[in-house]
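Inspection log for the structure reproduced underneath, given as structure tokens.
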There are 2 protein chains.
Amino acid sequence: MTTEKLPTDVRREQIVASALQVMGENPDKHLHIKDIAQRVGLAPSALYRHFRSRDAIMSAILELIRTKLYSNIETVRQASEDAETRLRELLERHIRVIRSEHGIPRMIFSDELWGQKQEKRQKMFRIITGYLAEIVDIVREGQAKGEIRQDVNPMAAARMFFGIVQPAALLWHMSEGRFDIDEHLAIAWPFFWQTIKS
Amino acid sequence: MTTEKLPTDVRREQIVASALQVMGENPDKHLHIKDIAQRVGLAPSALYRHFRSRDAIMSAILELIRTKLYSNIETVRQASEDAETRLRELLERHIRVIRSEHGIPRMIFSDELWGQKQEKRQKMFRIITGYLAEIVDIVREGQAKGEIRQDVNPMAAARMFFGIVQPAALLWHMSEGRFDIDEHLAIAWPFFWQTIKS
DNA sequence: CCCTCATGTGAATTTAAATTCACATTATAT
DNA sequence: ATATAATGTGAATTTAAATTCACATGAGGG
């Protein structure tokens, strides 16, 4: 076998991205080193040149997920000024991410996260609370501009927003894609927006 | 060691209940046969007299969870007639179950559910959609009695309700109990009820 | 051009848990 | 009271995957 040699920083990225993909493609399998290696095109043992352990790869996946989620926030912030469009866009993008990157919900509902020592749960908790904080900011800005009712508790709104996305992800993932997530959005979004708009 | 011999139906219940407990007490450990056996007071091999496999135990746990959740619905239905009280009670009971039976969220976010063959996901999907259907009924009855706005889509309301509970469970579980679930309810419930009440 | 270190490999090694099995015991049906 | 079927046990057995290791190779700095 003639496998090209590549520098560690490149390999690390490949490995993490592949791991996330593999995870998404095998909804019913534990994530094995062998499978990641195969996807990258390396021998299993080679991965250990770039990560101390399987666990370290899992942590890196969490980082990748954080990046993907937060980039959505930045994008919608820049794409428009008004809260309605921002939130609506964020919702759509979030769903799109979950739909295309099967690996993300898979990771959120996995033993990698729940079945191991605290560390990863904490990491994910911070990712989510940080994400919520960003939504709170968007709501606040919307209130400042008079687009959202003043008597709405921004945290309540943010959590409610999250409450649209998360159960949808759960049901969609659980039903293997049969759950109609678009219909869900079509019903839930207007309901949500009617409730908080000025 | 002198261990009492008990009939299979009794043992099965013991085993499943113990499994759920053990699962809740070790948030960071895979559920091992050895640990279940220890809790019941049997040798690991004895469990195989009552269940074909570890997997069968997992399925039985799902059944137990279904029972616990659905009994709440029955209770609140009988405890009161008006939709507000029913839904509010259901919310509180649901949270109480999640809080006391750590094993339930642990199961929902576990590889037992997500990392194995379809069957269990489907089972859980059915449990949840069934639960949602019950909530839809409660909402409909509330509408019939004029307590809830006619223009509210019952399914939307039910999902929104679910959207209060589920993220709370996630965050609470993820934060190892640090997330203030009572505060969450105190904020989210009025918000929800204001939105749908007549 | 060569040296060396980073990268890659296949073959052990480690580990850990589920499951099976041959044998023991006791509950209960007759 | 006895037979037998159900229940319980500790000691194998199976399995399966992560990790390590001794050795190979090629990229890039000097």
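The sequence lines fix the lettering, A, B, ..., with proteins before strands; numbering per chain opens at 1.
Of the listed nucleotides (D:dT9, C:dT7, D:dA17), D:dT9 has the atom at the smallest distance from the side chain of B:Arg49. The side chain of A:Lys5 lies closest to C:dA6, out of C:dA6, D:dC23, D:dG8. In the set D:dG10, D:dT19, D:dT20, the nucleotide with an atom closest to the side chain of A:Ser53 is D:dT19. Candidate nucleotides D:dT19, C:dT9, C:dT19 were compared by shortest atom distance to the side chain of A:Arg54, and D:dT19 ranks first. Nearest to the side-chain atoms of B:Ile33 among the listed nucleotides D:dA18, C:dA18, C:dG10 stands C:dA18. Side-chain proximity of B:Tyr48 to the nucleotides D:dT25, D:dA11, C:dA18 is greatest for C:dA18.
In this structure, the CZ atom of B:Arg12 is 15 Å from the C1' atom of D:dT7, given to the nearest Å. Atom CG of A:Leu6 is separated from atom C1' of D:dG26 by 12 Å (rounded to the nearest Å). In this entry the distance linking CE of A:Met58 with P of D:dA17 reads 14 Å, nearest Å. Rounded to an integer number of Å, the gap from A:Asp35 CG to D:dA16 P is 14 Å. For the pair A:Leu42 CG and C:dA6 P, the interatomic distance rounds to 18 Å; values are reported in whole Å.
Between B:Glu134 and the options B:Arg77, B:Arg140, B:Arg86, a salt bridge (charged side-chain N to carboxylate O under 4.0 Å, His left out) holds for only B:Arg77.
Heavy atoms of B:Leu31 sit under 4.0 angstrom from primed sugar atoms or phosphate atoms, though from no base atom. Among the atoms of the strands shown, base atoms are found under 4.0 Å from some heavy atom of A:Ala46. B:Pro7 comes within contact range of the sugar-phosphate backbone alone, with a heavy-atom separation under 4.0 Å but no base atom that close. Contact annotation for B:His30: no contact, since no heavy-atom pair falls under 4.0 Å across all strands.
Checking the phosphate oxygens (OP1, OP2) of D:dT19, no side-chain nitrogen or oxygen of A:Ser45 falls inside 4.0 Å. Contact check, A:His50 against C:dA6: no side-chain N or O comes under 4.0 Å of OP1 or OP2. Using a 4.0 Å cut-off, no side-chain N or O of A:Arg11 falls inside it from OP1 or OP2 of C:dA6.
For B:Asp55, the side chain to side chain donor-acceptor pair (under 3.5 Å) partners two or more places apart in sequence, or in a different chain, are B:Lys120.
When only modelled atom types and interatomic distance are considered, A:Arg11 and A:Gln14 share a side-chain donor-acceptor pair under 3.5 Å.
Judged purely by atom type and a 3.5 angstrom limit, B:Arg121 has no side-chain atom pairing as donor or acceptor with the backbone of A:Met174.
Separation of the A:Phe161 and A:His94 ring centroids does not fall under the 6.0 Å cut-off.
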